[in-house]
Amino acid sequence: SGELYCSLPNPRNVHFESVNMKNVLHWSAPEGAGDGVLYKVKYSVYGVGKWIRKPECRNINRTWCDLSSETSDYEEQYYASVKAFLNGMCSDWMETTRFNPLTDTKIDPPMVSVSSTEKSISIILTAPEKWKRSPEGESISLLQVYPGLQYNVSVLNKKTKKRWFFSISNNTLVVPWLEPGTAYCVSAQIYVTTPLLHSGFSKEHCIATLKDK
Amino acid sequence: DALLPAPQNISILSTNMKHFLTWSPVIIQGETVRYSVEFQGEYEREYANESWIPICECSLITATVCNITEDISATVAYNLRVKADVGARRSEWGTLKGFFNRITTSLTPPLMKVIADGYHLLVELEDMGPAFQFCVLYWKKGQESRMQQKVVKEVRSVVHLDTMEAGPDYCVKAQTYVEAINRSSSFSQTQCVRAQGGRSMWLV
Amino acid sequence: LCRISMSMTEIRSGFSAIKANIQARDPIRTLSILSYPHSLHKVKSSDRCCITHQLFNFYVDKVFKHCKTEDSYVNRKISSIANSFLSVKRKLRQCHEQNKCMCGQEPTEKFKQILANYEGLNVTSAAIKSLGELDILLDWMEKS
């Protein structure tokens with residue numbers, strides 16, 4: 001079909017937003033375009049010759065498109081591109097920079113579960129899973145993706161307001177010899193030294209040691 | 001224009017992986033002398049026609065010191081040189097005598113504070129930058145043969161080492177380790193603390 | 001077994017600082033030096049040392065010298081990476097001389113393909129593309 005008259009301003013800031021390798025393409029509407037702008041999206045695997053259209057993101061009016069499925073192989077790198085349409089006019093294709101899922105994703109904090117006895121607390125950490133196509137799909141922990149993954153654990157004594165830090169590689173930690181009947185708040189962070197990736201700290205999970213019998 | 005004298009006494013101050021080039025000032029009465037610094041790694045000497053790379057943070061500066069840490073970022077032999085400028089007049093390059101390899105940096109023992117919090121042995125370590133890890137040794141006083149070790153890769157304010165039983169002193173010392181040059185500092189002074197608990201308990 | 005210590009963190013941080021700049025200078029999306037036609041991830045673990053050795057030689061001997069840019073910050077980071085690669089290249093050569101990093105036919109073929117990809121472009125484009133693919137090499141090296 002003849003190419004439309006491409007003088008529409010371009011979509012702006014086309015980029016991937018990725019968390020736990022859920023890779024979503026985002027962009028901003030063309031400057032001054034107003035309502036009614038539609039978009040279509042394509043992507044390509046770096047080093048492979050062709051652009052592939054994303055049918056579910058054809059003629060959409062939203063400014064994002066989930067490309068997690070198309071970019072799930074984190075041993076590859078990708079480009080994505082967006083084109084805008086309005087009243088018979090179109091924009092140029094606007095591309096992302098090269099996207100490397102392994103180094104360009106953000107990692108969620110680990111899940112923290114805490115239990116306590118009279119004088120100790122036990123902490124179990126669970127690293128987030130890599131995005132998967134469906135709940136029935138195979139679960140891949142980010143631990144498998146980043147073998148050097150470690151945890152920083154912060155334990156705050158609510159009475160003394162003193163905070164201790166632990167650095168652990170395995171996902172369990174028991175802190176013995178605590179004060180009975182005292183509240184402790186635990187939060188944890190994931191860090192990978194290379195490639196350098198840090199999650200934020202999880203929200204605090206507070207628990208009290210049992211009272212002295 | 002008469003040539004300016006080249007900067008002299010060019011030397012390196014390198015401590016804990018922070019590297020500084022220093023030189024003596026070139027004195028020209030009534031003039032402000034400015035200096036520029038360049039470096040050359042082993043790669044440049046052997047593969048890039050002995051090219052020199054300018055350090056823009058130390059280009060036409062009046063100070064006689066330049067922080068070259070960010071550019072000395074490989075464990076190879078580096079050449080360094082400085083020249084002086086006054087207006088259109090400039091000097092020959094003054095070059096560091098011999099090479100500089102960061103493997104020679106002097107490593108100081110870490111600042112360390114040992115804390116006993118109830119039955120818990122903790123240590124506070126100084127953040128010396130991403131290149132540094134810490135090897136912390138701790139033992140029950142009198143039982144040096146049963147020394148335990150913990151490697152701390154990321155310094156957070158207070159790092160938990162272990163639990164203590166009530167009664168004996170527990171002693172701690174630490175050294176830094178820099179993986180990039182595979183060297184360690186000497187150990188810090190030993191510090192000993194005792195558990196602060198009323199009742200005596202013993203872990204099975 | 002060839003065991004060498006290298007500061008991957010420093011090389012990674014040097015590359016991250018210039019990745020966007022260098023990759024933006026490479027307009028060719030349809031060709032990869034390291035990954036075409038077969039990904040490095042298809043290399044057998046027994047061949048990893050050989051390919052690593054050859055790739056470090058490739059980057060030091062062929063790539064970095066053709067990557068000079070008009071940006072002095074980028075040039076300084078390239079120098080940092082190049083000198084780190086030179087340091088590692090030496091250690092790999094020692095392994096090779098101790099027969100710990102031998103090359104069979106398959107890795108040799110794979111490396112020939114990489115050279116063919118490289119020589120299929122003009123030297124500056126090929127060098128910039130190779131430098132822009134450094135994370136492909138680093139990711140592969142760190143994969144357990």
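Below, chains carry the letters A, B, ... as their sequence lines are ordered, and counting in each starts from 1. We use all heavy atoms of the structure for the numbers below, so side chains are in, but hydrogens, waters and symmetry mates are not.
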Flag for A:S18-A:N23: side-chain donor and acceptor within less than 3.5 Å: yes
Part of C:I136 lying under 4.5 Å from any heavy atom of chain A: both
Under 3.5 Å: donor-acceptor pair, side chain of A:K40, backbone of A:R53: no
Most chain A-contacting option - heavy-atom pairs closer than 4.5 Å, from C:E133, C:K19, C:M8, C:Q23: C:Q23
Parallel, tilted or perpendicular: rings of C:H53 and C:H96 (30°, 60°): tilted
C:N75 and C:T69 side chains, donor-acceptor separation under 3.5 Å: yes
Heavy-atom contact with chain A under 4.5 Å, split by part of C:R12: side chain
Under 3.5 Å: donor-acceptor pair, side chain of A:S81, backbone of A:M94: yes
Residue, of A:L196, A:T193, A:T103, that accumulates the most heavy atom pairs under 4.5 Å with chain C: A:T103
Side chain, backbone, both or neither of A:V45 within contact of chain C (heavy atoms, under 4.5 Å): backbone
Structural part of A:Q77 lying under 4.5 Å from a heavy atom of chain C: side chain
Portion of A:D73 that has a non-hydrogen atom of chain C nearer than 4.5 angstrom: neither
Mutual orientation of the aromatic rings belonging to A:H198 and A:Y191 [parallel < 30°, tilted 30-60°, perpendicular > 60°]: tilted
Most contacts with chain C, counted as non-hydrogen pairs under 4.5 angstrom, among A:Y74, A:Y79, A:W51: A:Y79
